[in-house]
S.K.: 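Before I ask anything, here is the structure I am working with.
Starting from 1, each residue takes its place in the sequence as its number.
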Amino acid sequence: MRLKLLTLALALAAISLPSHGEDLLDAYRDARANDPVLSQADATRLATAEGVDQARALLLPQIGASMSLNQTNGGNQIGHSRSRSINGTLSQTVLDFSKYANLKAAHSASDAQDELYQAAAQELYGRVAAAYFGVLTSEDELTYAKANEDAFRQQYEQSDQRFKVGLSAITDVYQAKAYYEAAKSQTISAQNALNDAREALTQITGKPTGDLKKLRDDLPMQPPAPADQDSWVKQALETNPNLLTQKYNVETAQHNISAARAGHLPTITAGVSYGKGAGWSDSNAGARYRDPASTTIGLTLNVPIFSGGLTQSRVRQSIYQRDAATDALEAQRRQVVRSTLNYYRSVIAGIAQVESAKASVESGRKALEATRAGFEVGTQTMTNVLLAIQTLTSSESSYSQARHQFILNKLLLKQTAGTAELKDIEAINALLQ
């Protein structure tokens, strides 16, 4: 009877029971609304975009006005004299290559930040899914740990009873108790891991993590489409947002070089100024005067000759920054290739891993039943029974992890390629029950 109860407990531990809790799509919606990482990326994107307006503003007309009122205090005989002036200016850049280059650099920087935001948006898919399946995996681990603990407890109690009636040695009791105590420790660790996994999901969604729906048993074990790793790498090199960010960073750095070199070039500015003034004195009423309004129109040519080596230093600095951006681009390109190939191969390998882990669980159950039966008739030792229990729960744990990781790797492959979309979350959500 105990054998049947033990086998049933371990079998139930491997079955994903139906749930009516929160699903992956619910978690993603909460994360989309509350995740500070994505919000930070959005705010940074908007702040960087303002740089375009600021750079463009320097190429547009600049209008200013001023008014001054002055009083001069003289001696007792002289009294006070006052003067007033009103001036207005209008200036317009006619030729300034550095400002044009800075505008182009601002556009490139804004484009880079747009891509970085897209990367954060796609990474949110992966972060939510990883945290969600992290909870499911931890829940399974706790279930298996409890089943393992219960199995060892039953084995310990049975060994103790057999020892008391003289059917086994005290060594079997000590051995079973050692496995039982170790199993209790593993249950505590599994509970702590589950608590932390729940907090990891809460950190992204901003809401407490409740009961989550689990993966159904019959998962579609399909390879990536297209089933060609080179096609995935090519796609990633074209659309991976982190890689595109680095490309725009190189463009920005190149424009900064042009702006720095333009420090050697002359600039031309058109200007219009208007002014008038008036004055009077307390001691001499006839000393009042009013200057006629005057308007001045002209062009100002500014030719830089020497600035203490500042311009040359800025050029060198910009070149170094361009070189650094180019190296960062190459490093990102290599990382994208590696990650794409890794996730593609992981999905392919995951198909075999899930099937192998499933077969291992089935074999482990049968082995446990046979070992327990052999122990009852004296053909198997206590050590064999304990190892069979341990092997079964280990196989169940591997099966759970392989299933969850397979689904997650398919999503991460698309994320690395820069093609992850909401419909991918919806497709995964349809596999939950």
S.K.: Is a donor on one side and an acceptor on the other found under 3.5 Å between the side chain of Trp232 and the backbone of Leu341?
M.R.: no
S.K.: Using a strict threshold of under 4.0 Å (side-chain N to carboxylate O), is an ion pair present between Arg365 and Glu369?
M.R.: no
S.K.: Less than 4.0 Å between a side-chain N and a carboxylate O, is that true for Glu426 and Lys423?
M.R.: no
S.K.: Tell me yes or no: between the side chains of Glu141 and Ser400, is some donor less than 3.5 Å from an acceptor?
M.R.: no
S.K.: Identify the heavy atoms of Ala112 and Thr245 that sit nearest to each other, and give their distance.
M.R.: O-OG1, 3.3 Å
S.K.: Using 30° and 60° as the class boundaries, would you call the ring planes of Tyr179 and Phe152 parallel, tilted or perpendicular?
M.R.: tilted
S.K.: Mark yes or no for whether Ser231, through its side chain, and Ala227, through its backbone, hold a donor-acceptor pair below 3.5 Å.
M.R.: no
S.K.: On a heavy-atom basis, which atom in Leu124 and which in Ala31 lie closest, and how many Å separate them?
M.R.: CD1-CB, 4.0 Å
S.K.: Would the distance check show the side chain of Arg198 and the main-chain N or O of Pro208 forming a donor-acceptor pair, the cut-off being under 3.5 Å?
M.R.: no
S.K.: With a 3.5 Å distance limit and no angle check, can you tell me whether Tyr344 reaches the backbone of Asp228 through a side-chain donor-acceptor pair?
M.R.: yes
S.K.: For Thr137 and Gln401, indicate whether the former's side chain and the latter's backbone hold a donor-acceptor pair under 3.5 Å.
M.R.: no
S.K.: Using 4.0 Å as the upper bound for N to carboxylate O, is an ion pair formed by Lys214 and Glu139?
M.R.: yes
S.K.: For Lys146, does the NZ atom sit with more than 12 other heavy atoms under 6.0 Å from it, leaving out its own atoms?
M.R.: no
S.K.: Taking Ser356's backbone N and O only, do any of them form a donor-acceptor pair with Ser360's side chain (distance below 3.5 Å, no angle check)?
M.R.: no
S.K.: Verify the distance criterion only: is there a donor paired with an acceptor across the side chains of Thr202 and Thr209 at less than 3.5 Å?
M.R.: yes
S.K.: In terms of side-chain heavy atoms, does Gln390 have a donor or acceptor partner in Ser394 at a distance below 3.5 Å?
M.R.: no
S.K.: Output yes when a side-chain donor or acceptor of Thr371 lies under 3.5 Å from a complementary backbone atom of Ala367, and no otherwise.
M.R.: yes
S.K.: Whether the side chain of Gln353 engages the backbone of Tyr399 through a donor-acceptor N/O pair (distance < 3.5 Å, no angle test) should be reported.
M.R.: no
S.K.: For the side chain to side chain contact (heavy atoms under 4.5 Å, CB included) test, which of Ile407, Leu212, Leu215 pairs with Leu432?
M.R.: Leu215
S.K.: Distance alone, cut at 3.5 Å: any donor-acceptor contact between the side chains of Ser68 and Ser85?
M.R.: yes
S.K.: Is a donor from one side chain sitting under 3.5 angstrom from an acceptor on the other, for Asp150 and Gln154?
M.R.: yes
S.K.: Report, as yes or no, whether the 6.0 Å neighbourhood of atom CZ on Arg338 holds more than 12 heavy atoms from other residues, nucleotides or ligands.
M.R.: no
S.K.: For the residue pair Arg32 and Tyr28, would you count it as a cation-pi contact if the rule is NZ or CZ under 6.0 angstrom from the ring centre and within 45 degrees of the ring axis?
M.R.: no
S.K.: Thinking salt bridges, do Lys184 and Glu181 make one under a 4.0 Å N-O criterion?
M.R.: yes
S.K.: Could you report the tightest heavy-atom contact between Ile204 and Val128, atom names first, then the distance?
M.R.: CG2-CG2, 3.8 Å
